[in-house]
Amino acid sequence: METTYDSHIEQIVQSIFTSMLGMEVFRAGDNPAACQETVLGTIHIGGPKSMSVVLGLTSEVARVTAANMLQMNLADVTSDDIRDVAAELTNMIGGNLKSLLPGPLFLSLPTVVAGRDLGLEIPGAELVEDVGLVCDAGPFRVRLFMQTTG
Amino acid sequence: MSTKVLVVDDSGTMRKIVIRALNAAGFRDTVEAGDGAEALRVFQGGDVGLILTDWNMPNKSGLDLTRDVRALGSKVPIFMITTEAEKGRVVEAIQAGITDYLTKPFTQDALQAKLEKYAKA
């Protein structure tokens with residue numbers, strides 16, 4: 001039977017947003033592609049089953065999550081704050097997902113890119129989960145890619 | 001509290017969150033390092049009474065920092081704050097010499113409660 005990770009991802013993100021940001025998160029409808037991402041955080045889980053976790057945030061979600069996590073006014077949030085918070089959120093999602101998987105597995109450091117019309121390709125990996133979520137600030141996504149080639 | 005606390009994390013966000021909790025718990029004297037290598041240099045500068053460290057960092061991990069600090073003969077409390085939640089990883093950290101462990105995500109209250117233990121010590 002094929003393993004699915006979407007409910008794990010949903011629960012992990014809900015736990016992070018509730019405890020660290022004081023924000024509620026719900027599963028979005030059927031159209032996560034409608035989310036216009038301007039910040040992408042990526043982290044890799046290495047081991048027998050290598051996978052990559054990608055957190056995709058709209059500019060509004062990125063700003064609000066940064067403000068909430070750092071307890072700052074929205075107007076004072078800088079692009080450095082946004083990148084750093086997105087990296088930490090990605091790190092926590094990847095780390096918590098790793099802890100649910102059979103090991104030994106290793107977690108990379110997170111990387112973040114920001115911009116418009118971001119394309120995303122992870123060579124040798126296929127998309128296995130695309131979890132659309134929504135918080136007060138709008139929609140966002142978490143994608144999981146599984147390595148198919150060495 | 002006059003204890004100097006060394007906060008080690010490659011994430012500036014996490015350092016801010018931890019320092020905020022430290023201040024709320026009564027710790028005023030904090031120093032920061034962005035990785036284990038920088039932290040070891042700061043520690044060897046002297047006077048650090050508590051270390052709070054992440055695990056996964058560039059240059060030197062929190063685990064290697066712990067081993068290095070213990071190899072120097074120090075018994076300073078080392079508190080690890082990390083996403084590494086698997087039992088095997090926790091055991092590895094304890095064997096390396098950590099004193100306490102908190103997995104991310106955490107609530108501000110949970111972190112503060114842990115820190116208040118050290119404030120009373």
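Under the 4.5 Å side-chain heavy-atom criterion for ILVMFWY residues, no single connected hydrophobic cluster contains both B:I78 and B:L50. A:V54 and A:L105 fall into different hydrophobic clusters, where Ile, Leu, Val, Met, Phe, Trp and Tyr are joined by side-chain heavy atoms under 4.5 Å apart, directly or via other members. In the hydrophobic clustering of ILVMFWY residues, with side-chain heavy atoms under 4.5 Å counting as a link, A:I82 and A:M20 come out together. Hydrophobic clustering of Ile, Leu, Val, Met, Phe, Trp and Tyr side chains at less than 4.5 Å, counting indirect connections, unites A:L127 with A:I122.
Heavy-atom pairs under 4.5 Å with chain A were tallied for B:M57, B:E84, B:R20, B:Q108; the largest tally goes to B:R20. Considering only heavy-atom pairs separated by less than 4.5 Å from chain B, the leading option among A:V85, A:I12, A:D81 is A:V85. Taking chain B as the reference chain and counting heavy-atom pairs below 4.5 Å, the highest number among A:D80, A:L100, A:I16, A:T18 is found for A:I16. Heavy-atom pairs under 4.5 Å with chain A were tallied for B:G88, B:G12, B:A110; the largest tally goes to B:G12.
Within a 6.0 Å sphere centred on CD of A:E24, other residues, nucleotides and ligands contribute 12 heavy atoms or fewer. Within a 6.0 Å sphere centred on CG of A:D117, heavy atoms belonging to other residues, nucleotides or ligands number 12 at most.
Taking CE of A:M69 as the start and OG of B:S11 as the end, the distance is 6.5 Å to the nearest 0.5 Å. Distance check: B:D9 CG to A:N91 CG gives 8.0 Å after rounding to the nearest 0.5 Å.
Between B:K16 and A:D84, none of the side-chain N atoms (NZ, or NE/NH1/NH2) sits under 4.0 Å from a carboxylate O, so this pair counts as no salt bridge.
With contacts defined as side-chain heavy-atom distances shorter than 4.5 Å, the pair B:I17/A:E88 does not qualify. Looking at A:N96 and B:P105, their side chains come closer than 4.5 Å, going by heavy atoms from C-beta outward.
Pairs of residues two or more places apart, or lying in two chains, that qualify as salt bridge (Lys or Arg N to Asp or Glu O under 4.0 Å) and include a residue from residues 36-63 of chain A are A:E37-A:R141, A:E37-A:R143, A:E60-A:R63.
Residues A:L109 and B:N56 approach most closely at CD2-O, 3.7 Å, considering heavy atoms.
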